[in-house]
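A short worksheet on the structure shown next.
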Amino acid sequence: MRYDLVIFDNDGVLVDSEPLSNTILAGYLTELGHPTTYEDSLRDYMGAALHRVHDTILERSGQRLPEDFDDVFHGKVFAAFERELEPMAGAFEVLEKLTADGVAYCLASSGSHERIRVGHRKTGLDKWFGKERVFSSQDVGRGKPAPDLFLYAAERMGVAPERCVVVEDSPLGVQAAKAAGMDVYGFTGMTPAERLSGATRLFGDLRELTTLLADHPSHRS
């Protein structure tokens, strides 16, 4: 294995949550008087912490979102998760292989710890991710595209940034990983490849990941 730590994004990489959460976000913003399509939400907010939504709406409209925006949005999303959320195809197989090979892995998500827990309980991913492997933008001052979250995860896992690889599906996540000095594999399962053009490698099926990680010699060797 060319890396000492694999850092997974969560939404859109391990859980198939992006269609659900972005549909809900677009609808809620529109309801509040900020017309937003599903495509707008994917473009502007996919992979971001909620503070980016607040900042963007304020910048564009001069209006602040309601104080209870986060709580109401999370309530809508968690209800949808409980009804519909599924793991990404291949997620279990990848985690089983990494575990069998003794490769360290963790998760670094823009989502809140509660969002991660709700999704993992519903999909069964909680089997693979104890608290010691889960890091959220809540743990740091700035979310993606700042590198803080990935650097924090690497530090807590005891691995130097240059020995880490990040698995991401959003342009913001790719930016954050690169800013952290880490390689990043861009997952194009839902995101067009051109939007992840800054990634070290691109792949379209999660089940390809362990082969890709093992087969390509590191430029740092």
Side-chain angles (χ1 to χ4, degrees), residues 1-19 21-22 25 38-53 55-56 59 88-91 94 98 103-111 135-137 139-155 157 159-221:
M1 179 64 64
R2 60 187 282 191
Y3 302 104
D4 296 331
L5 176 66
V6 180
I7 304 177
F8 289 96
D9 177 42
N10 187 51
D11 295 291
V13 173
L14 294 174
V15 295
D16 194 13
S17 54
E18 295 290 10
S21 59
N22 281 282
L25 179 57
Y38 172 70
E39 291 75 18
D40 293 337
S41 185
L42 289 177
R43 181 193 66 226
D44 295 337
Y45 307 123
M46 182 174 167
L50 273 181
H51 67 75
R52 183 180 178 91
V53 181
D55 293 346
T56 301
E59 179 182 331
M88 293 298 290
V94 168
L98 292 176
V103 178
Y105 65 88
C106 68
L107 178 155
S109 172
S110 292
F135 307 101
S136 160
S137 61
D139 301 327
V140 296
R142 298 181 300 166
K144 306 168 190 177
D148 305 36
L149 177 57
F150 290 137
L151 291 172
Y152 177 74
E155 179 183 10
M157 295 295 291
V159 178
E162 63 270 17
R163 298 304 308 162
C164 300
V165 62
V166 175
V167 184
E168 265 287 355
D169 71 324
S170 75
L172 293 175
V174 170
Q175 291 177 48
K178 292 179 68 177
M182 301 177 181
D183 280 0
V184 53
Y185 280 26
F187 178 44
T188 61
M190 184 173 159
T191 307
E194 60 269 19
R195 296 199 68 210
L196 302 177
S197 59
T200 310
R201 293 186 62 83
L202 297 174
F203 68 105
D205 186 326
L206 207 55
R207 286 162 288 215
E208 300 173 35
L209 181 60
T210 50
T211 301
L212 289 174
L213 290 171
D215 283 356
H216 296 276
S218 173
H219 62 265
R220 297 191 177 100
S221 61

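Small disclaimer: the values here were computed from a predicted structure and weren't measured.
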Rounded to the nearest 0.5 Å, what's the gap from [atom1] on [X] to [atom2] on [Y]? Could you check?
X	Y	atom1	atom2	answer
Asn22	Arg43	CG	CZ	11.5 Å
Ser109	Leu149	OG	CG	7.5 Å
Arg201	Leu196	CZ	CG	14.0 Å
Ser17	Asn10	OG	CG	6.0 Å

Pairs touching residues 170-182 that satisfy side-chain hydrogen bond (donor to acceptor under 3.5 Å, both in side chains), sequence neighbours left out |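 Listed by first then second residue: Glu168-Ser170.
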Please check if the side chain of [X] supplies one atom and the backbone of [Y] the other of a donor-acceptor pair under 3.5 Å.
X	Y	result
Thr188	Phe203	yes
Arg163	Arg2	yes
Arg52	Met46	no
Thr200	Tyr185	no
Ser110	Ser137	no

Where do [X] and [Y] come nearest, in terms of heavy atoms and distance?
X	Y	answer
Leu107	Leu14	CD1-CD1, 3.8 Å
Gly47	Glu18	N-OE2, 4.1 Å
Met88	Gly12	CE-O, 3.6 Å
His51	Gly143	NE2-N, 3.5 Å
Ala153	Phe135	CB-CD1, 3.6 Å
Pro171	Thr191	CD-CG2, 4.5 Å

Go through the steps for Asp9 and Val166 under the test side-chain contact (heavy atoms from CB on, under 4.5 Å), then give the verdict.
-> CA-CA 7 Å; Asp9 177 42; Val166 175; 5.8 Å; no
Step-by-step side-chain contact (heavy atoms from CB on, under 4.5 Å) determination, Val94 to Tyr105 | CA-CA 11 Å; Val94 168; Tyr105 65 88; over 6 Å; no
Verdict with reasoning, Asp55 to Glu59, per side-chain contact (heavy atoms from CB on, under 4.5 Å) | CA-CA 6 Å; Asp55 293 346; Glu59 179 182 331; 5.9 Å; no
Quick one: do Tyr45 and Thr56 satisfy side-chain contact (heavy atoms from CB on, under 4.5 Å)? Show the steps, please.
-> CA-CA 9 Å; Tyr45 307 123; Thr56 301; 3.5 Å; yes
Within a radius of less than 6.0 Å around CD of Glu194, do more than 12 heavy atoms belonging to other residues, nucleotides or ligands occur?
->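 It does: Glu194 CD has more than 12 such atoms within range.
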